[in-house]
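What follows is a single structure, written as structure tokens, with notes after it.
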Amino acid sequence: MAANNRRMSGKKGAQVGSGGKRRRGLEGKGPTPPAEMRKGHAKQRAAQAKARRAQGRGPRRGAGKSASELVVGRNPVVEALREGVPASTLYVQQFIDNDERVREALQLAAERGGINLMEAPRPELDRMTNGLNHQGLVLQVPPYEYAHPEDLVDAAADAGEDPLIVALDGVTDPRNLGAVVRSVSAFGGHGVVVPERRAAGMTAGAWKTSAGTAARTPVARATNLTRALEAYKKAGIMVVGLAADGEAELGELDALDGPVAIVVGSEGKGLSRLVGETCDVRVRIPMPGGAESLNAGVAAGIVLYEAARRRR
């Protein structure tokens with residue numbers, strides 16, 4: 001009998017009982033917690049964002065300022081002041097010939113208010129502009145304060161709307177950025193996302209092309225555009241890339257009436273590989289005329305119009 005017990009004791013696994021483990025395994029884990037308490041849930045992220053705003057925290061990591069910029073020359077300075085480009089200081093050369101453009105620049109600066117008027121000798125203006133032909137007028141544009149990509153989602157939530165965002169991939173012409181900002185504003189979008197590197201920023205040229213809409217349409221800067229788009233996807237936003245060889249046609253895309261981020265590439269190269277792979281779907285714009293591609297401003301405007309039409 002003892003030998004038999006020894007043989008049985010050599011068997012693997014539990015001998016007498018499970019110690020209650022099986023019984024505990026059958027027990028439920030309690031009621032499902034509300035969405036706001038579930039880790040990673042979109043409602044929890046929205047609640048956390050609301051709490052951050054309530055605490056009055058500063059910009060998130062990734063938001064920041066651009067460098068200050070100088071607009072040089074009589075015509076460029078006058079045009080910038082006419083278009084409402086933000087300015088902090090107007091530098092005027094001492095003993096300058098007081099022609100019509102100089103008088104208009106001084107008048108516009110005085111009418112807008114908040115612009116310092118500084119008289120400076122020509123050598124000082126030469127030094128400031130690295131020897132450019134400033135013609136005695138230099139306008140200083142203050143640094144642009146970029147939003148964080150998540151701020152655009154928060155703005156949509158505050159307005160009780162589905163996010164409508166445009167992201168630019170490899171767009172380096174500030175005028176294209178300004179045109180996109182203008183279209184986003186016109187069609188009720190919530191902002192534009194640009195990469196931190198190798199991309200157009202909110203320069204004086206972008207401000208001018210936006211025709212003043214940059215004052216009310218935020219531009220966010222992403223340290224890594226691919227990661228920003230992945231974060232949008234986790235928040236329940238459909239990421240739609242525009243591509244000439246896209247698998248779907250714009251008119252077939254039902255996602256435009258919901259939360260969506262539209263990604264526009266450069267006119268020549270289109271979407272980069274990583275960004276294209278991150279998109280949920282790539283969409284093409286039908287062009288019966290046979291054009292090979294559209295610039296970023298025109299392409300974004302077409303898709304934004306279609307999105308606005310479906311959201312009525």
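Nearest approach of R216 to S185, heavy atoms of both residues: NE-OG, 3.4 Å. Taking both residues in full, the closest heavy atoms of G265 and L271 are given as N-CD2, 3.6 Å, listed atom of the first, atom of the second, then distance. In terms of heavy-atom proximity, N176 sits nearest to G297 at OD1-N, 3.8 Å. Shortest non-hydrogen contact noted between A105 and V78 is CB-CG2, 4.1 Å. What you find for D173 and R175 is that their closest heavy atoms are OD1-N, 2.9 Å. Scanning all heavy atoms of the two residues, the minimum distance from V141 to P86 falls at CG1-O, 3.4 Å.
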Worked verdict on I115 versus L81 for side chain to side chain contact (heavy atoms under 4.5 Å, CB included): CA-CA 10 Å; I115 300 178; L81 289 170; 3.9 Å; yes

Stepwise side chain to side chain contact (heavy atoms under 4.5 Å, CB included) test for L90 and L106: CA-CA 8 Å; L90 175 62; L106 292 170; 4.1 Å; yes

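A distance-only check finds a donor-acceptor pair linking the side chain of T278 to the backbone of L274 [under 3.5 Å]. D169 contributes a side-chain N or O that, together with a main-chain N or O of S272, makes up a donor-acceptor pair within less than 3.5 Å. Side-chain atoms of Y144 come within 3.5 Å of backbone N or O of V219 as a donor-acceptor pair. Proximity of a side-chain donor or acceptor of Y232 to a complementary backbone N or O of P149 within less than 3.5 Å is detected. Of the possible polar contacts, one joining the D280 side chain to the V239 backbone as a donor-acceptor pair under 3.5 Å is found. Under the 3.5 Å distance criterion, the side-chain polar atoms of R311 are matched with a main-chain donor or acceptor of D162. Checking side-chain atoms of Y146 against main-chain N and O of V194 turns up no donor-acceptor pair under 3.5 Å.
With respect to R127 and E124, a salt bridge is recorded, a charged nitrogen being found less than 4.0 Å from a carboxylate O. Ion pairing between R74 and D99 holds under the 4.0 Å rule for side-chain N and carboxylate O. Using a cutoff of 4.0 Å between basic side-chain nitrogens and carboxylate oxygens, E277 and R273 are scored as salt-bridged. In summary, E230 and K233 do not engage in a salt bridge, as defined by a charged side-chain N under 4.0 Å from a carboxylate O.
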Ignoring hydrogens and angles, write down the donor-acceptor pairs under 3.5 Å from the side chains of residues 247-261, residues two or more places apart or on other chains.
from : atom 1 : to   : atom 2 : distance (Å)
E247 : OE2    : R282 : N      : 3.1
E252 : OE1    : E249 : N      : 3.4

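When the shell of 6.0 Å around CG of D245 is examined, it contains more than 12 heavy atoms from other residues, nucleotides or ligands. Atom CZ of R227 sits in a sparse spot, with 12 or fewer heavy atoms from other residues, nucleotides or ligands closer than 6.0 Å.
Proximity of L137 to V92: side-chain heavy atoms (C-beta onward) are separated by under 4.5 Å at one or more points. Here the side chains of L152 and P218 are in contact, with some heavy-atom distance below 4.5 Å. V264 has its side chain out of reach of V180: every pair of non-hydrogen atoms, C-beta onward, lies at least 4.5 Å apart. Taking 4.5 Å as the limit, every side-chain heavy atom of L70 sits out of range of all side-chain heavy atoms of H134. Under the 4.5 Å side-chain criterion, counting only non-hydrogen atoms from C-beta, K208 is in contact with V85. Within the 4.5 Å cutoff, no side-chain heavy atoms of E83 are placed close to those of W207.
Rounding to the nearest 0.5 angstrom, the gap separating the CZ atom in F187 from the CD1 atom in I302 is 10.0 Å. How far CE of M128 is from CD of Q140: 6.0 Å, rounded to the nearest 0.5 Å. To the nearest 0.5 Å, atoms CD (E104) and CG (N75) are separated by 9.5 Å. Expressed to the nearest 0.5 Å, how far CZ of R221 lies from NE2 of H148 amounts to 11.5 Å. The distance from atom CD of E79 to atom CG of L108, rounded to the nearest 0.5 Å, is 11.5 Å. Between atom CD of residue E119 and atom CD of residue Q94 there is a gap of 4.5 Å, rounded to the nearest 0.5 Å.
Hydrophobic clustering, with ILVMFWY side chains joined whenever heavy atoms are under 4.5 angstrom apart, groups V240 together with M287. When the side chains of ILVMFWY residues are joined at heavy-atom separations under 4.5 Å, either directly or via intervening members, V275 and V166 end up in two distinct hydrophobic clusters. Both L164 and V303 are part of a single hydrophobic cluster, where members link through side-chain heavy atoms under 4.5 Å apart. Linking ILVMFWY side-chain heavy atoms closer than 4.5 Å, directly or via other members, places L225 and V281 in two distinct hydrophobic clusters. Linking ILVMFWY side-chain heavy atoms closer than 4.5 Å, directly or via other members, places L242 and V192 in a single hydrophobic cluster.
Across I262, V153, V263, V184, a single residue satisfies side-chain contact (heavy atoms from CB on, under 4.5 Å) together with I165, and that is V153.
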